[in-house]
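Note that the structure is a prediction, hence the values are computed from the model and not measured. Each ligand, and each atom within it, is numbered from 1 in the order the structure gives.
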Amino acid sequence: MSGITIALSKGRIFEETLPLLAAAGIVPTDDPEKSRKLIIGTNRADVRLVIVRATDTPTYVQYGAADLGIAGKDVLIEHGGVGLYQPLDLNIARCRLCVAVPKGFDYAAASRPGGRIRVATKYVSAAREHFAAKGMHVDLIKLYGSMELAPLVGLSDAIVDLVSTGGTLKANNLEAVEDIMDISSRLVVNQAALKVKRELIQPVIDAFAGAVKP
Ligand SMILES: Nc1ncnc2c1ncn2[C@@H]1O[C@H](COP(=O)(O)OP(=O)(O)OP(=O)(O)O)[C@@H](O)[C@H]1O
Ligand SMILES: O=P(O)(O)OC[C@H]1O[C@H](OP(=O)(O)OP(=O)(O)O)[C@H](O)[C@@H]1O
């Protein structure tokens, strides 16, 4: 592909990226929520979008199947960031990575150094680092979604998950007991593509940078 390919996931990242794309003069020709197409054209013949799972965005960019992508910090931590240049925090899809437990669970007692708990999460790397820094022993159980269910059915004592409004925790009688980090989405660029296609990629980076909201 002589032009550039941008990897995006459907949903909040696609929606929140539209104004940034517009600032770069890029307008998609299809809506991924309505179309089943995975390759979407734009008003520019030299720019196309590929629609991927949020977790897969760094992988497409790492291998050069996409030149650029937009991925949450949560996803980038789990991926490791190999081969990716991360020039911009786009300040979109903002939330927090938290430890949450059923209301009434004595997390303070469980989290004393030497304590041991079972934690279910999709974010194993971030969780491992967090609990290791606290000197806690945790048995991590990898899940791929609906983490909030795990403590309700005895799979785990706690979860590490993303929290935005807190509505999902509340609906499941859970509470956040620790903030691990603030999360937002970043622009990621394939390092080789940046060198070879700089005349196409740099203007997109610059336009995104100018359109980031504080
Ligand atoms: N409730 C939320 N509010 C704001 N941002 C969020 C929220 N949940 C997730 N995010 C951010 O948006 C990114 C994309 O989330 P999205 O829900 O589209 O994908 P996902 O369901 O987490 O991933 P996958 O489809 O691969 O399972 C996440 O990686 C995270 O950075
Ligand atoms: O604090 P809240 O505003 O309730 O948001 C938190 C929820 O948002 C995310 O899920 P998402 O909506 O992405 O659904 P998913 O399970 O399909 O990823 C996250 O995994 C929480 O479940």
Counting from 1, what ligand 2 atoms have a heavy atom of [X] closer than 4.0 Å?
{"X": "Val163", "answer": "1 (O)"}
{"X": "Arg12", "answer": "12 (O), 13 (O)"}
{"X": "Glu148", "answer": "21 (C), 22 (O)"}
{"X": "Thr168", "answer": "2 (P), 4 (O), 5 (O), 6 (C), 7 (C), 22 (O)"}
{"X": "Asp161", "answer": "19 (C), 20 (O), 21 (C), 22 (O)"}
{"X": "Thr165", "answer": "1 (O), 2 (P), 3 (O), 4 (O)"}

Open item on the list: At under 4.0 Å between heavy atoms, is it the side chain or the backbone of Lys122 that contacts ligand 1, or both, or neither?
Closed with: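 It is the side chain that touches ligand 1; the backbone stays farther off.
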
How about [atom]: does it have a protein heavy atom within less than 4.0 Å?
{"atom": "atom 9 (C) of ligand 2", "result": "no"}
{"atom": "atom 1 (O) of ligand 2", "result": "yes"}
{"atom": "atom 12 (O) of ligand 2", "result": "yes"}
{"atom": "atom 20 (O) of ligand 2", "result": "yes"}
{"atom": "atom 4 (O) of ligand 2", "result": "yes"}

Please check whether [X] reaches ligand 2 - meaning an N/O of the residue sits under 3.5 Å from an N/O of the ligand, judged on distance alone.
{"X": "Lys122", "result": "no"}
{"X": "Ser164", "result": "yes"}
{"X": "Gly166", "result": "yes"}

Looking at [Y] and [X], is any side-chain nitrogen of the basic one under 4.0 Å from a carboxylate oxygen of the acidic one?
{"X": "Lys34", "Y": "Asp31", "result": "yes"}
{"X": "Asp139", "Y": "Arg118", "result": "no"}
{"X": "Lys134", "Y": "Glu178", "result": "yes"}
{"X": "Arg94", "Y": "Asp182", "result": "no"}

Open item on the list: With a heavy-atom distance limit of 4.0 Å, tell me whether Met147 approaches ligand 2 through its side chain, its backbone, both, or neither.
Closed with: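 Neither part.
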
Closest non-hydrogen protein atom to [atom], residue and atom name please, with distance?
{"atom": "atom 16 (O) of ligand 2", "result": "Ser146 N, 4.6 Å"}
{"atom": "atom 19 (O) of ligand 1", "result": "Ala54 CB, 3.5 Å"}
{"atom": "atom 18 (O) of ligand 1", "result": "Lys10 O, 3.8 Å"}
{"atom": "atom 4 (C) of ligand 1", "result": "Arg94 O, 3.2 Å"}
{"atom": "atom 6 (C) of ligand 2", "result": "Leu162 O, 3.4 Å"}
{"atom": "atom 25 (O) of ligand 1", "result": "Arg53 NE, 2.7 Å"}
{"atom": "atom 13 (C) of ligand 1", "result": "Ile13 CD1, 3.8 Å"}
{"atom": "atom 29 (O) of ligand 1", "result": "Asp74 OD2, 2.8 Å"}
{"atom": "atom 8 (N) of ligand 1", "result": "Arg12 NH1, 3.2 Å"}

Looking only at atom types and distance, does a side-chain atom of [X] sit under 3.5 Å from a main-chain N or O of [Y], one as donor and one as acceptor?
{"X": "Ser156", "Y": "Val119", "answer": "no"}
{"X": "Asp67", "Y": "Ala193", "answer": "no"}
{"X": "Glu175", "Y": "Ala100", "answer": "no"}

Open item on the list: Could you check whether Glu148 and Thr168, counting side-chain N and O atoms only, form a donor-acceptor pair closer than 3.5 Å?
Closed with: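 There is no such pair (donor and acceptor under 3.5 Å, judged by atom type) between the side chains of Thr168 and Glu148.
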
Open item on the list: Checking side-chain polar atoms at under 3.5 Å, does Ser184 have a donor or acceptor matched by the opposite partner on Asp89?
Closed with: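 Yes, Asp89 and Ser184 have a side-chain donor paired with an acceptor closer than 3.5 Å.
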
For [X], the ligand 1 atoms whose distance to one of its heavy atoms is below 4.0 Å:
{"X": "Ser164", "result": "1 (N), 2 (C), 3 (N)"}
{"X": "Val75", "result": "29 (O)"}
{"X": "Ile183", "result": "31 (O)"}
{"X": "Gly72", "result": "31 (O)"}

[atom1]/[X]: more than 12 non-hydrogen atoms of other groups inside 6.0 Å:
{"X": "Lys142", "atom1": "NZ", "result": "yes"}
{"X": "Tyr60", "atom1": "OH", "result": "no"}
{"X": "Glu129", "atom1": "CD", "result": "no"}
{"X": "Arg36", "atom1": "CZ", "result": "no"}

Open item on the list: Could you see if Val160 belongs to whatever hydrophobic cluster contains Leu76? Use Ile, Leu, Val, Met, Phe, Trp, Tyr and a side-chain cutoff under 4.5 Å.
Closed with: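 Looking at the clustering, Leu76 is in a separate group from Val160.
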
Task: Spatial distance of atom CD1 (Ile92) from atom CD (Glu16) [nearest 0.5 Å] - done: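 One finds 5.5 Å between CD1 of Ile92 and CD of Glu16.
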
Task: Check: Thr55 N/O within less than 3.5 Å of ligand 1 N/O - done: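 Thr55 vs ligand 1: N/O contact under 3.5 Å present.
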
Open item on the list: Checking side-chain contact (heavy atoms from CB on, under 4.5 Å) between Ile159 and each of Leu149, Leu152, Leu169, which is the one that passes?
Closed with: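 When Leu149, Leu152, Leu169 are each tested with Ile159, the side-chain contact (heavy atoms from CB on, under 4.5 Å) holds only for Leu169.
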
Task: Sole candidate of Arg96, His130, Lys73 that passes side-chain contact (heavy atoms from CB on, under 4.5 Å) when paired with Met181 - done: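 With Met181 as partner, Arg96, His130, Lys73 yield a single side-chain contact (heavy atoms from CB on, under 4.5 Å), made by Lys73.
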
Task: Distance under 6.0 Å and angle within 45° of ring axis: Lys103 vs Phe105 - done: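 No.
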
Open item on the list: Tell me whether Ala93 reaches ligand 1 (any heavy atom closer than 4.0 angstrom to a ligand atom).
Closed with: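 Contact check Ala93 vs ligand 1: positive.
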
